[in-house]
Amino acid sequence: MKILVIGATGTLGGAVAAALEEAGHEVVRGARGGPVRVDLTDPASLDRAFAKVTGLAAVVCCAASGPLLDLVSATDEEFLDGMRGKLLGQVGLARRAARNLPEGGSITLTGGTFAAPLAGGSLGALVNQGLAGFVRNAAAELPRSQRINLVSPGWIRETLEAMGADGSGGTPAAQVAQAYLRAVHGPGSGEIIEP
């Protein structure tokens, strides 16, 4: 299966791309820099990627991130900017994938989970719940028996360690990558998968 992995140069995306390759898939790596340039905040880059990479059976997005913003002091524009990539960018990606993938094609997006309310996390909560609602409903609308799922990892161990925090509260990227394999290979659609 030929699979486009967006965000493949990141910690999680690299682990997902490696796991898919180990499972025997042909992985096309997309990122802001590299041979297939994709920026979720730039819809034209999504169009160019689908024009350049043909014969895809699946698309996996691991490029989703968003800032922590103070609920009271953040501006409307800061909130909108925070939604452009992770929420609106992934919605735009899913819509284009639905137009370009074949019968039974698979779309996997990335959300997130908070174990408890987090200072500065209101934007993240909004985006993550928006993605979950979108995926549940889009599953009923996709053409040609296509499937869409959302992987919602918590903290990634390597990310915490890169931030100078204790990594023991996170899940290793290679373990989280297995949830993406389940999303791509499994029969489900509209599922929210928490590794």
Side-chain angles (χ1 to χ4, degrees), residues 1-66 84-102 104-112 127-128 131 134-135 138 142 146-159 162 170-186 188-189 191-195:
M1 192 183 323
K2 188 175 183 180
I3 303 172
L4 173 62
V5 177
I6 297 172
T9 58
T11 300
L12 179 58
V16 170
L20 289 167
E21 286 173 337
E22 287 171 14
H25 299 295
E26 176 188 352
V27 173
V28 178
R29 295 170 186 254
R32 285 185 178 154
V36 179
R37 293 183 180 235
V38 181
D39 181 345
L40 292 176
T41 65
D42 177 10
S45 79
L46 300 174
D47 293 330
R48 287 191 297 272
F50 281 107
K52 181 175 184 175
V53 184
T54 58
L56 291 170
V59 173
V60 176
C61 184
C62 301
S65 64
R84 279 195 181 103
K86 188 169 182 180
L87 177 60
L88 300 177
Q90 288 194 98
V91 168
L93 172 66
R95 293 176 57 241
R96 285 162 176 83
R99 291 194 291 260
N100 288 278
L101 293 179
S106 172
I107 304 164
T108 305
L109 305 181
T110 296
V127 167
N128 293 334
L131 283 167
F134 170 76
V135 164
L142 288 174
Q146 293 172 347
R147 299 178 306 102
I148 185 169
N149 292 292
L150 180 73
V151 176
S152 289
W155 285 104
I156 306 297
R157 176 175 292 171
E158 293 87 343
T159 301
T171 307
Q175 184 177 329
V176 175
Q178 296 305 307
Y180 288 84
L181 284 178
R182 289 195 303 273
V184 170
H185 292 154
S189 189
E191 294 181 358
I192 313 305
I193 303 167
E194 295 183 13

>> Is there a side-chain contact (heavy atoms from CB on, under 4.5 Å) between Leu4 and Val60? Walk through the geometry before answering.
In response: CA-CA 6 Å; Leu4 173 62; Val60 176; over 6 Å; no
> Could you go step by step and tell me if Arg157 and Thr171 meet the side-chain contact (heavy atoms from CB on, under 4.5 Å) rule?
Replying inline: CA-CA 5 Å; Arg157 176 175 292 171; Thr171 307; over 6 Å; no
>> Applying side-chain contact (heavy atoms from CB on, under 4.5 Å) to Ile3 and Val28, what does each step give before you reach the verdict?
In response: CA-CA 6 Å; Ile3 303 172; Val28 178; over 6 Å; no
> Which is it for Thr108 and Val59 under the side-chain contact (heavy atoms from CB on, under 4.5 Å) test, yes or no, and what are the steps along the way?
Replying inline: CA-CA 6 Å; Thr108 305; Val59 173; over 6 Å; no
Give every donor-acceptor pair under 3.5 Å between a side-chain atom in residues 8-21 and any protein atom, sequence neighbours left out.
unit_1	atom_1	unit_2	atom_2	d
Glu21	OE1	Arg29	NH2	2.9
Glu21	OE2	Arg29	NH2	3.3

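Formation of a donor-acceptor pair under 3.5 Å by the Lys52 side chain with backbone atoms of Pro35 is found in this model. Between the side chain of Asn149 and the backbone N or O of Gly188 there is at least one donor-acceptor pair closer than 3.5 Å.
At least one side-chain heavy atom of Lys86 sits under 4.5 Å from a side-chain heavy atom of Asn128. With contacts defined as side-chain heavy-atom distances shorter than 4.5 Å, the pair Val135/Glu191 does not qualify. Between Ile193 and Ser152, the closest side-chain pair of non-hydrogen atoms is not below 4.5 Å. With contacts defined as side-chain heavy-atom distances shorter than 4.5 Å, the pair Ser189/Gln146 does not qualify. For the pair Val53 and Lys2, the minimum side-chain heavy-atom distance is below 4.5 Å. Residues Tyr180 and Thr110 are in side-chain contact: their nearest non-hydrogen atoms beyond the backbone lie under 4.5 Å apart. Residues Val176 and Ile156 are in side-chain contact: their nearest non-hydrogen atoms beyond the backbone lie under 4.5 Å apart.
Other residues, nucleotides and ligands place no more than 12 heavy atoms under 6.0 Å from the CZ atom of Arg32.
Rounding to the nearest 0.5 Å places CG of Leu40 at 6.0 Å from CG of Leu46. Note: Arg147 CZ to Leu101 CG = 10.5 Å, rounded to the nearest 0.5 Å. Residue Thr41 holds its OG1 atom at 10.5 Å from CG of Leu88, rounded to the nearest 0.5 Å. Put simply, OG1 on Thr54 and CG on Asn100 are 10.0 Å apart, with the number rounded to the nearest 0.5 Å. Between Gln90 atom CD and Arg84 atom CZ the span is 16.0 Å, to the nearest 0.5 Å. To the nearest 0.5 Å, atoms CD1 (Ile107) and CG (Leu56) are separated by 11.0 Å.
Shortest non-hydrogen contact noted between Ala183 and Val151 is CB-CG2, 4.4 Å. Heavy atoms only, all atoms of each residue included: Ala23 and His185 are closest at CB-CE1, 4.1 Å.
In this view, Val91 and Leu87, Arg95, Phe134 satisfy the side chain to side chain contact (heavy atoms under 4.5 Å, CB included) rule, not counting sequence neighbours. Remark: Arg37 engages no residue in a side chain to side chain contact (heavy atoms under 4.5 Å, CB included) (not counting sequence neighbours).
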